[in-house]
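For the numbers below, each heavy atom of this structure counts, side chains included, while hydrogens, waters and symmetry mates do not. Remember, it's 1-based here, ligands and their atoms both numbered in the order they're listed. Note that the structure is a prediction, hence the values are computed from the model and not measured.
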Amino acid sequence: MKILDGNTLSQQIRNEIKEQVAQYVAQGNRKPHLAAILVGENPASKAYVGMKIKDCEEVGFKSTLFKKEESITEDELMKLIQELNEDNNLDGFIVQLPLPRHIDEDKILLAIDPIKDVDGFHPTNFGRMAQGLETFIPATPFGIMRMLERFDVPTAGKHCVVIGRSNIVGRPMSILMSQKGGHANSTVTICHSGTQDLNKYTKDADIIIAALGQPYFLTADMVKEGVTIIDVGINRIDADNKKGFKLVGDVDYESVKDKSAYITPVPGGVGPMTRAMLLENTLLAYKRFFLQEEK
Ligand code: NAD
């Protein structure tokens, strides 16, 4: 069994990004610049945005946080997005989700200029991804693909079962794993809450990508020997520690690990890769539209 260590790999990727940024800046260019819009006081959202800002500092990006009151109107938020779309000193920006109920998330995400959409949530970018064109791939699927590639996990011709069909993880994962290039070329089954007899699919799978948001859901009796397990889940469960909770995956790691050829831990697997890929997308935006290096 080989543990796919996302902490070490993401650190390596951050170091690579940092080196590239230092070179660009040494050549007289401005730094890559990422902005984040945070609305309200959701503690998880605040923590996520805080980590993203910290990551930017580590690799030498400029970052700007737009912190807005929960009471901001949709029109005010749309106006801010328009300003950021037009700001030539900004390479990319994200709107931290979820947004308050009175704001239409789809409308907001549609308003982001696709060339600055480093989260890759805009339908234009999603469509380009589906067609295998240059785009911004959403950070979590991008991180998983990068992990499979860098650890050289066999994927071609393998049966990959994705559990979950969300627009940010399951659905894009199923598309990417089925693509011919890019360390994929798998035969993909996508399972979801409407799937009957899920075990039938998971037991046949060479690769399982669990992204359903149910703690310890995938157990040893559901998988075959030699399986590769990618655990995307981040679930908060009560724990007897100072915080009163801990974060666990969608996979019952202890029971499944001995049957696996490769497995990601939680924490320290997909999570840190997701963080690194936002940086990679921002660097890509910078290269494309500021340096005009990439397509
Ligand atoms: P979501 O709630 O939007 O989607 C969950 C999907 O799972 C749905 O499509 C649903 O059909 C499916 N599902 C639910 N119960 C099921 C069951 N019993 N059997 C089969 N399918 C079932 O969730 P999401 O946003 O895709 O996130 C999934 C998990 O991944 C969550 O735990 C989330 O916190 C985590 N996540 C982690 C990262 C990361 O960086 N590691 C990033 C995004 C999401």
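The protein non-hydrogen atom at the shortest distance from atom 15 (N) of ligand 1 is Q214 NE2, 3.4 Å. Counting protein heavy atoms only, atom 4 (O) of ligand 1 is closest to S166 CB, 3.8 Å. For atom 36 (N) of ligand 1, the closest non-hydrogen atom of the protein is V232 O, 3.6 Å. Atom 40 (O) of ligand 1 has as its closest protein heavy atom T274 OG1, 2.9 Å. When only non-hydrogen protein atoms are considered, atom 8 (C) of ligand 1 lies nearest to R165 N, 4.0 Å.
The N/O atoms of V270, backbone and side chain alike, include none that comes under 3.5 Å of an N/O atom in ligand 1. Taking only nitrogen or oxygen atoms, main chain and side chain alike, G170 does not reach within less than 3.5 Å of ligand 1. Residue S193 has at least one nitrogen or oxygen atom sitting less than 3.5 Å from a nitrogen or oxygen atom of ligand 1, judged on distance alone.
Looking at M273, H192, R171, M173 and measuring to atom 19 (N) of ligand 1, the nearest heavy atom belongs to H192. Relative to atom 39 (C) of ligand 1, the option among V248, I190, L247, I234 with the closest non-hydrogen atom is I234.
Around the CG atom of N88, the shell of radius 6.0 Å holds no more than 12 heavy atoms that belong to other residues, nucleotides or ligands. Crowding of N241 atom CG: a count of heavy atoms from other residues, nucleotides or ligands under 6.0 Å exceeding 12. Enclosure of atom NZ in K246 is not indicated, since only 12 or fewer non-hydrogen atoms of other residues, nucleotides or ligands lie within 6.0 angstrom.
Each of the atoms 32 (O) of ligand 1 lies under 4.0 Å from some heavy atom of N235.
With salt bridges taken as basic N to acidic carboxylate O contacts below 4.0 Å, none links K68 and E76.
Heavy-atom minimum distance, D5 versus F151: N-CZ, 3.6 Å.
Counting heavy atoms under 4.0 Å from ligand 1, residue L212 touches it through both backbone and side chain.
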